[in-house]
There are 2 protein chains.
Amino acid sequence: MIDSITIKAVKSRLGELCKSKRQSYDMSQQDLGDALGLSRYTIQKFESGKNATLDTVLKIANHFGLLQSIFKGVNQVVDEQNDISLY
Amino acid sequence: MIDSITIKAVKSRLGELCKSKRQSYDMSQQDLGDALGLSRYTIQKFESGKNATLDTVLKIANHFGLLQSIFKGVNQVVDEQNDISLY
DNA sequence: TATATTTGTGTACTATAATAAACAATTATG
DNA sequence: CATAATTGTTTATTATAGTACACAAATATA
């Protein structure tokens, strides 16, 4: 049986991504929070896989230059939805 | 000048994606809310580009079979981070 | 056109994400 | 080792996402 990805797993992975990106820029949780107008605690909780708001996630993604690729990813899903009739 | 993608634009696009996916399954906002244990109002606000929680977004994504690809996308970013030294 | 369904919006309330501050436990750095 | 910086965690408070209900506007269906 192939176990499917859970929402919890995605949140954990997103937290890990934030941590690795942050560390690659030699930033502390405090530094990142300050840069985004968020508290250190919000960063801390997000990195440990807790729930957060979309705004928080997108602010972090934007700071690490990932917003464009997210936007493209979303558009791709919408497009492939509309292209089904062509197959 | 190339105008960069904004957080607001991404939220709007995510809302549009939810709406188009939902309609492709012939579901009302109420139907989707019921299926996910969310209120119709939460779906309504998300589809109109308002802020939401990560849980809400991932529940919706999961319902439309998009969780796996989100997980892969996150992993890709982490991987390309670690592979920089190979170039 | 009439009726039913869906959607947009408002208000009041509840749950929880986010803030702020403090302190202990880790993890660098001298 | 010492000490400085960072991180994990707690408590209290504030802001806001989410719920529930109602009703009007818009859309679909008879």
Asks: Kindly say whether, by distance alone, the side chain of Arg40(B) makes a donor-acceptor pair under 3.5 Å with the base of dG8(C)?
Replies: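 Side chain to base: pair found, below 3.5 Å.
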Asks: Name the orientation class of the two ring planes belonging to Phe64(A) and Tyr25(A) (parallel below 30°, tilted from 30 to 60°, perpendicular beyond 60°).
Replies: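 Rings of Phe64(A) and Tyr25(A): parallel, under 30°.
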Asks: Hey, is the side chain of Thr56(B) poking within less than 4.0 Å of OP1 or OP2 on dA17(D), counting only N and O atoms?
Replies: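 False: Thr56(B) side-chain N/O out of range (4.0 Å or more) of dA17(D) OP1/OP2.
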Asks: So, is Thr53(A) close to the dT16(D) phosphate, meaning a side-chain N or O under 4.0 Å from OP1 or OP2?
Replies: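 No, because none of the side-chain N or O atoms of Thr53(A) sits under 4.0 Å from OP1 or OP2 of dT16(D).
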Asks: Of the options Leu54(B), Val77(B), Ile70(B), which is the one that meets Leu14(A) in a side chain to side chain contact (heavy atoms under 4.5 Å, CB included)?
Replies: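 Among Leu54(B), Val77(B), Ile70(B), the one meeting side chain to side chain contact (heavy atoms under 4.5 Å, CB included) with Leu14(A) is Leu54(B).
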Asks: It should be established whether Gln44(A) places a side-chain nitrogen or oxygen under 4.0 Å from OP1 or OP2 of nucleotide dG8(D).
Replies: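 Answer is yes, contact under 4.0 Å.
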Asks: Start with the C-alpha gap between Arg22(B) and Asp31(B), add the side-chain angles, then the distance that decides, and say whether salt bridge (charged side-chain N to carboxylate O under 4.0 Å, His left out) holds.
Replies: CA-CA 9 Å; Arg22(B) 173 176 63 78; Asp31(B) 292 335; over 6 Å; no
Asks: Between dT10(D), dA18(C), dT19(D), which one does the side chain of Ser39(A) approach most closely?
Replies: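 Side chain of Ser39(A) sits closest to dA18(C).
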Asks: Using the side-chain heavy atoms of Tyr41(A), tell me which of these nucleotides is nearest: dT6(D), dT7(C), dA20(C).
Replies: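 Nearest to the side chain of Tyr41(A) among the choices is dA20(C).
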Asks: Give a yes/no on whether any side-chain N or O of Gln29(B) is located under 4.0 angstrom from OP1 or OP2 of dG8(C).
Replies: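 Yes, such a contact exists.
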Asks: Think Arg22(B) has a side-chain N or O under 4.0 angstrom from the OP1 or OP2 of dT7(C)?
Replies: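 Checking Arg22(B) against dT7(C): at least one side-chain N or O falls below 4.0 Å of OP1 or OP2.
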Asks: Check the distance between dA5(D)'s C1' and Asp26(A)'s CG and give it to me in whole angstrom.
Replies: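 Nearest whole value for this atom pair: 13 Å.
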Asks: So, is Ser48(B) close to the dG8(C) phosphate, meaning a side-chain N or O under 4.0 Å from OP1 or OP2?
Replies: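 Ser48(B) to dG8(C) OP1/OP2: no side-chain N or O under 4.0 Å.
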Asks: Grab the CG-P distance between Leu36(B) and dT19(D) for me, whole Å please.
Replies: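 Taking CG of Leu36(B) and P of dT19(D), I get 10 Å after rounding.
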